4 protein chains.
Amino acid sequence: MSISKSTARRRGRPQGDEVKIAILKAANELLEEQGLAGFTIDAVATRSGAARSSIYRWWPNRGALAIAGFLAETAQKIGYPVTASAIADMKSQMMRVAEVYGQKVGRIISALVAQGQSDPETLRALLDGYVLPRRDEAKKVLARGVASGELRDDLDFDVVVDALYGPIWYRILVPHAPLTPEWAGRLADHVFGGLRPLR
Amino acid sequence: MSISKSTARRRGRPQGDEVKIAILKAANELLEEQGLAGFTIDAVATRSGAARSSIYRWWPNRGALAIAGFLAETAQKIGYPVTASAIADMKSQMMRVAEVYGQKVGRIISALVAQGQSDPETLRALLDGYVLPRRDEAKKVLARGVASGELRDDLDFDVVVDALYGPIWYRILVPHAPLTPEWAGRLADHVFGGLRPLR
Amino acid sequence: MSISKSTARRRGRPQGDEVKIAILKAANELLEEQGLAGFTIDAVATRSGAARSSIYRWWPNRGALAIAGFLAETAQKIGYPVTASAIADMKSQMMRVAEVYGQKVGRIISALVAQGQSDPETLRALLDGYVLPRRDEAKKVLARGVASGELRDDLDFDVVVDALYGPIWYRILVPHAPLTPEWAGRLADHVFGGLRPLR
Amino acid sequence: MSISKSTARRRGRPQGDEVKIAILKAANELLEEQGLAGFTIDAVATRSGAARSSIYRWWPNRGALAIAGFLAETAQKIGYPVTASAIADMKSQMMRVAEVYGQKVGRIISALVAQGQSDPETLRALLDGYVLPRRDEAKKVLARGVASGELRDDLDFDVVVDALYGPIWYRILVPHAPLTPEWAGRLADHVFGGLRPLR
DNA sequence: AGTTAATCGAGACGGTACGTCTGGTCTTAAG
DNA sequence: CTTAAGACCAGACGTACCGTCTCGATTAACT
């Protein structure tokens with residue numbers, strides 16, 4: 001493969017990575033600082049030092065650029081711990097997510113979702129590039145819990161993931177109260193433990 | 001003062017309600033049909049037959065108009081059933097909400113949330129005018145459940161409401177899968193019952 | 001008529017003449033100073049203090065604006081003298097035209113013709129708004145000359161106008177040598193007198 | 001050195017004339033077909049199969065390329081007939097010019113002149129490469145006419161050339177009426193014969 | 001019944017971002 | 001060293017909204 005790859009080097013001037021990286025970096029910073037407002041192609045161009053046309057060469061529109069910036073810079077930061085207990089892993093991961101989403105990242109995500117409401121391609125990209133992969137990871141943890149007997153074996157994983165992570169996104173997007181790790185911990189306890197009296 | 005206010009019908013031509021109503025109706029229809037894209041002051045004016053200036057006389061900006069349209073036309077449609085079982089009431093209400101939000105209303109809400117991301121006043125209005133009141137209603141049902149012994153007495157109501165309704169909003173805003181009453185029913189079962197084996 | 005005119009006052013905010021005038025003035029100045037290069041919608045907007053959108057409200061594109069500026073500001077400056085001799089009138093008018101076209105006006109006209117080469121509507125507007133009316137004026141003077149016996153009665157007026165004014169435009173557009181009143185005078189003498197020996 | 005230079009075929013790949021020729025041909029065709037609009041470096045590159053950079057290696061800018069294309073492909077097509085009568089030669093040549101300029105060539109010339117208005121080098125090149133040489137040829141014919149006594153001996157040749165050819169260029173550039181050989185013939189008759197009654 | 005002050009439709013106006021299209025420069029791989 | 005390919009900076013184009021503003025026309029309450 002490496003052979004075919006080295007051979008198939010295209011003809012013209014190769015794409016200078018610095019430009020692309022600078023653009024994505026600038027895009028991300030703008031989203032962090034100002035959300036969707038202020039996230040202007042012009043602003044990205046100015047801050048990155050690139051030309052507007054260079055941006056449009058690589059991304060078809062604002063939404064695509066925003067997604068790309070997010071995925072390149074911010075997305076891959078939260079992994080799952082792996083201990084003996086799947087439930088404990090899940091809970092601690094939710095708390096970390098809540099912590100991170102409570103900061104800048106939450107602003108970016110909410111901006112992306114907002115953009116997605118009026119731009120189907122952005123939504124699609126967000127789902128395929130971020131949401132669905134992370135849901136799959138979560139399902140694996142759940143499967144581990146079922147296998148170990150920590151979790152019931154009749155769970156609907158999609159419903160469970162919605163129940164555990166849905167509220168977190170909800171609090172990002174509809175911030176009726178702050179998003180804190182403590183809250184996320186209590187959320188995990190409630191959902192895992194159920195709401196009925198113990199007996 | 002309140003007297004003088006109620007009495008002292010101001011001079012000049014009073015505001016004809018038809019205009020306001022036509023505007024709100026048009027606003028709502030546009031949101032239903034096209035979401036935030038296509039929801040243009042101009043489009044609302046054209047469809048309603050009103051003048052742009054008439055819109056701006058009564059609402060300061062796009063977001064405020066959108067909220068107003070939503071609250072006036074769509075918001076008050078889903079009440080809580082009251083039966084012997086608080087859990088059953090909650091579950092059936094969630095299923096109804098899921099059904100309604102799965103249609104046009106969901107599109108409107110997602111548009112409003114999206115608008116809210118770049119417009120704090122819209123967000124505030126959505127919270128105060130819709131989200132928080134409905135959360136309070138839900139908490140009342142929960143309190144009934146605690147009183148009747150159906151629910152544990154150590155619940156954090158805010159967390160519970162997040163756990164039950166958060167996922168519904170999440171599925172509106174991040175539509176990775178369709179929002180159906182069946183799904184909402186399963187969600188209720190999982191959350192109320194907990195995820196651990198029965199033992 | 002004045003009645004119908006006063007009655008037919010349209011509904012909305014009337015068009016403020018200052019804006020339109022400022023735009024046309026700025027357009028003309030830019031054409032004078034820099035020709036077609038530098039004649040940018042943005043530059044016109046900046047110099048006039050108007051918004052780009054205000055320009056596009058009244059003129060569909062660059063060419064239309066250029067023509068409008070020319071016709072409004074510069075076009076109507078050269079009238080025909082009327083004396084006993086049509087030939088003398090013609091000659092002196094040609095000399096005046098040469099003098100004026102030798103300055104800024106010539107630069108504007110050449111810019112307009114250039115623009116017209118790639119924009120049929122601009123060309124059409126230039127013809128209808130400037131070229132043809134002025135040709136008609138010239139033909140009237142010629143007719144006077146024929147009536148008085150100064151000129152032959154078998155002249156093809158269109159050909160004559162081309163012969164007298166064509167060279168002037170030619171020297172504007174293809175400036176192989178400067179355009180001066182003296183030259184225009186000699187041109188008139190040659191054409192009126194013919195090129196053959198006197199006998 | 002000069003020896004080695006003439007002998008020593010420079011290193012590297014020799015310049016294939018086909019490329020240059022293909023470029024000029026494509027440039028000319030585009031000018032013929034669409035005038036200045038559509039005459040894009042990119043369009044020339046695409047049609048000729050050459051790369052944009054190859055064009056810019058040989059010509060500094062759009063105008064230079066246009067001129068080059070014109071001179072290489074279209075310019076040298078109209079010679080002067082030589083008979084006993086200089087006036088007849090002149091007239092028949094004018095008619096031929098009018099015929100040719102009335103077709104594609106006219107469109108090219110007008111495009112070049114237009115380009116020249118905003119690009120002094122193009123103008124210079126057009127003058128030096130085409131206009132002035134042709135004027136010189138015309139003057140020689142005039143001189144023949146003076147020598148033979150057909151023409152007055154006090155003529156200002158520059159004025160006469162302007163009078164005879166100026167109108168033709170004028171009709172190309174300001175096409176208020178079609179450019180036909182008949183018209184050119186009448187033009188010649190009027191100018192040579194003068195406009196005054198015969199007496 | 002006339003005055004008065006507000007509503008309402010219409011639309012001009014200054015702004016700002018969008019996405020597209022050129023121009024001209026520069027950088028690479030292949031020949 | 002030439003050629004094809006194409007990345008890159010720069011900047012104008014015309015479009016679409018926004019929110020403000022200025023009009024004339026209308027209309028109900030107050031005088």
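Just the heavy atoms: all of them, side chains too, but no hydrogens, waters or symmetry mates, feed the values below. Quick caveat: nothing in here was measured; it's all calculated off a predicted structure.
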Report task. Could you say whether Phe39(C) or Ile23(D) is positioned toward the 5' end of DNA chain F, judged by the nucleotide with the nearest heavy atom to each? Result -> Ile23(D)

Report task. Starting from C1' on dC18(E), measure out to CG on Leu36(A) and report it in whole angstrom. Result -> 14 Å

Query raised in the report: Rounded to whole angstroms, how far apart are CG on Asp17(A) and P on dT28(E)?
Result: 12 Å

Query raised in the report: So what does Ala50(C) hit on the nucleic acid, given a heavy-atom distance under 4.0 Å: a base, only sugar-phosphate, or nothing?
Result: sugar-phosphate

Query - Side-chain N,O (Ser54(B)) to OP1/OP2 (dG9(E)) below 4.0 Å - result: yes

Report task. For atom CD of Glu33(B), decide whether the heavy atoms of other residues, nucleotides or ligands shown that lie under 6.0 angstrom number more than 12. Result -> yes

Report task. Nearest whole angstrom, please: distance from the P of dC9(F) to the CG of Asp42(A). Result -> 14 Å

Report task. In whole angstrom, give the distance that lies between atom CD of Glu18(C) and atom P of dA12(E). Result -> 15 Å

Requested in this report: Compare every heavy atom of Ala22(C) with every heavy atom of Ser48(C), then report the nearest pair and how far apart it is.
Outcome: CB-O, 3.5 Å

**Report entry** d(CG, Asn61(C); P, dC21(E)) in whole Å
**Finding:** 17 Å

Query - For atom OH of Tyr56(D) and atom C1' of dT27(E), their distance in whole Å - result: 16 Å

Query - Arg52(A) side chain near dG19(E) phosphate (N/O to OP1/OP2, under 4.0 Å) - result: no

Requested in this report: Return the value, rounded to whole Å, for the distance between atom CD of Glu121(D) and atom C1' of dG24(E).
Outcome: 14 Å

Query - Given DNA chain E, 5'-ward residue of the pair Ala51(C) and Ser53(B), judged by closest heavy atom - result: Ser53(B)

Query raised in the report: Got Asn28(B) and Lys104(B) here, is their nearest side-chain heavy-atom distance under 4.5 Å?
Result: no

Query raised in the report: Looking at Arg57(D), does any N or O in its side chain come under 4.0 Å of the phosphate oxygens OP1/OP2 on dT3(F)?
Result: yes

Query raised in the report: Would you say Leu36(A) and Gln117(B) make side-chain contact, with heavy atoms under 4.5 Å?
Result: no

Query raised in the report: Do Leu24(A) and Trp59(A) come within less than 4.5 Å of each other through their side chains, counting heavy atoms only?
Result: yes

Query raised in the report: Reckon Trp58(A) has a side-chain N or O less than 4.0 Å from the OP1 or OP2 of dA7(F)?
Result: no

Query raised in the report: Checking only heavy atoms, does the side chain of Thr40(B) share a donor-acceptor pair with the base of dA16(F) at less than 3.5 Å?
Result: no

Query raised in the report: Separation of Ile41(D) atom CD1 from dC8(F) atom P, in whole Å?
Result: 21 Å

